[in-house]
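What follows is a short report on a single structure.
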Amino acid sequence: MEKRVFNKITKEIFLEYGFIKDENNYILNLEDVTIVVKFCSWRGVKSFNYYFYINELYDESVPFEKKFDSVIEIKMEHTPELRGYHAHEILYEEYDEMKYKELLTTMLHRYFDPYKKNALQFLRDNDYCMCLTKKARQYLGLI
């Protein structure tokens with residue numbers, strides 16, 4: 001698949017899920033948290049990462065790019081044999097359109113449905129793997 005087609009499908013699927021596009025970010029505004037997904041490239045490995053912040057912890061005076069309570073790498077789960085940062089790699093050149101739509105839709109539901117159901121409880125239940133900021137852990141009653 002060409003990069004142009006990859007970008008078109010990515011935008012289409014993210015918007016269908018409920019994200020809005022803002023420059024190079026996809027933003028999902030929920031009641032308790034805001035999630036920002038970015039397409040990244042590091043050492044030639046293309047991947048999606050996301051960060052989120054608890055809305056209650058930041059007022060409007062804080063610049064958008066300074067609001068975060070955790071940063072998480074997204075695994076596409078299509079290449080289980082790959083390890084390290086390669087396990088996150090998006091191989092869009094090797095995908096056909098239908099396969100990529102399926103992978104991306106599955107990934108969005110796996111990662112973000114729990115936030116839609118009850119974001120704060122999801123964060124409390126998964127604190128051990130979230131690397132939350134101290135401020136977020138205090139707000140959630142974890143320390």
Side-chain angles (χ1 to χ4, degrees), residues 1 3-92 94-95 97-143:
M1 174 173 38
K3 187 171 185 175
R4 176 187 55 77
V5 175
F6 166 79
N7 288 336
K8 178 182 171 271
I9 292 171
T10 299
K11 182 178 179 181
E12 173 187 306
I13 300 294
F14 269 89
L15 294 178
E16 282 177 13
Y17 188 81
F19 284 84
I20 57 172
K21 185 156 177 42
D22 178 48
E23 296 181 20
N24 295 325
N25 302 316
Y26 289 98
I27 302 165
L28 183 62
N29 291 309
L30 301 173
E31 183 178 340
D32 295 319
V33 300
T34 298
I35 298 167
V36 181
V37 179
K38 294 177 170 266
F39 181 69
C40 304
S41 182
W42 184 71
R43 292 185 169 184
V45 174
K46 297 167 288 291
S47 65
F48 287 114
N49 291 344
Y50 78 93
Y51 66 90
F52 64 85
Y53 58 88
I54 298 170
N55 296 333
E56 195 69 28
L57 296 179
Y58 300 91
D59 62 37
E60 294 302 315
S61 68
V62 177
F64 180 73
E65 58 277 356
K66 301 247 186 218
K67 298 178 183 180
F68 75 92
D69 289 311
S70 187
V71 178
I72 299 170
E73 294 177 322
I74 294 175
K75 292 184 180 182
M76 291 294 283
E77 304 294 340
H78 61 287
T79 50
E81 70 280 359
L82 296 178
R83 299 287 179 251
Y85 63 89
H86 285 286
H88 307 274
E89 189 166 9
I90 296 171
L91 306 168
Y92 67 82
E94 298 177 16
Y95 302 151
E97 292 180 32
M98 292 306 296
K99 181 64 176 175
Y100 179 61
K101 286 180 181 182
E102 177 186 318
L103 282 170
L104 186 58
T105 300
T106 299
M107 183 270 300
L108 289 174
H109 285 285
R110 181 176 56 250
Y111 277 86
F112 304 118
D113 283 0
Y115 289 98
K116 284 184 169 184
K117 289 179 184 147
N118 187 337
L120 298 181
Q121 190 58 51
F122 175 69
L123 294 176
R124 286 183 192 100
D125 293 344
N126 293 281
D127 168 56
Y128 65 93
C129 64
M130 289 289 188
C131 299
L132 295 169
T133 62
K134 183 177 180 181
K135 186 176 178 179
R137 294 186 81 232
Q138 287 173 329
Y139 178 81
L140 295 168
L142 299 168
I143 53 173

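Hydrogens, waters and symmetry mates play no part in the numbers below; they use all other heavy atoms, side chains included.
For Ser70 against Cys131, the heavy-atom pair with the smallest separation is OG-O, 3.7 Å. The two residues Leu123 and Leu132 make their nearest non-hydrogen contact at O-CD1, 4.3 Å. Annotation for Leu15 and Ile20: closest pair CD2-CA, 4.0 Å, computed over non-hydrogen atoms.
Here the straight-line distance linking atom CG of Asn29 with atom CG of Asn55 works out to 7.0 Å at 0.5 Å rounding. Atoms CD1 and OH, on Ile35 and Tyr53 in that order, are 10.5 Å from each other to the nearest 0.5 Å. Considering OG1 of Thr106 and CD of Glu102, their distance stands at 5.5 Å, rounded to 0.5 Å. Interatomic distance, Lys8 NZ to Ile13 CD1, rounded to the nearest 0.5 Å: 10.0 Å. Note: Thr34 OG1 to Tyr51 OH = 9.5 Å, rounded to the nearest 0.5 Å. Taking OH from Tyr50 and OH from Tyr111, the interatomic distance works out to 7.5 Å, rounded to the nearest 0.5 Å.
Residues satisfying the side-chain contact (heavy atoms from CB on, under 4.5 Å) criterion with Asp125, sequence neighbours excluded, are Gln121. Considering only residues two or more places apart in sequence or on other chains, Tyr58 meets the side chain to side chain donor-acceptor pair (under 3.5 Å) condition with Asp69. Applying the side chain to side chain donor-acceptor pair (under 3.5 Å) test to Lys101 and every residue at least two apart in sequence or in another chain returns nothing. When the side-chain contact (heavy atoms from CB on, under 4.5 Å) test is applied to Glu94, the partners found at least two apart in sequence or on another chain are Leu91. Under the side chain to side chain donor-acceptor pair (under 3.5 Å) criterion, Asp59 pairs with Ser61, sequence neighbours left out. Every residue two or more places apart in sequence or in another chain was checked for a side chain to side chain donor-acceptor pair (under 3.5 Å) with Glu56, and none qualifies.
Among residue pairs with one or both ends in residues 18-39, none qualify as salt bridge (charged side-chain N to carboxylate O under 4.0 Å, His left out); sequence neighbours excluded. Pairs engaging residues 4-37 under the ring pair (Phe, Tyr, Trp, His ring centres under 6.0 Å) rule: Phe6-Phe39, Phe6-Tyr92, Phe6-Tyr100, Phe14-Phe19, Phe14-Tyr26, Phe14-Phe48, Tyr17-Phe19, Tyr17-His109, Phe19-Phe112 [sequence neighbours left out].
Around the NZ atom of Lys135, the shell of radius 6.0 Å holds more than 12 heavy atoms that belong to other residues, nucleotides or ligands.
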- side-chain contact (heavy atoms from CB on, under 4.5 Å) between Tyr115 and Asp113, worked out: CA-CA 5 Å; Tyr115 289 98; Asp113 283 0; over 6 Å; no
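The shortest distance between side-chain heavy atoms of Ile9 and Met1 falls below 4.5 Å. Put simply, the side chain of Asn7 does not reach to within 4.5 Å of the side chain of Lys11, judged on heavy atoms.
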Donor-acceptor pairs under 3.5 angstrom involving side-chain atoms of residues 136-143: please list them, not counting sequence neighbours.
from	atom 1	to	atom 2	distance (Å)
Arg137	NE	Asp127	OD1	3.0
Arg137	NH2	Asp127	OD2	3.0

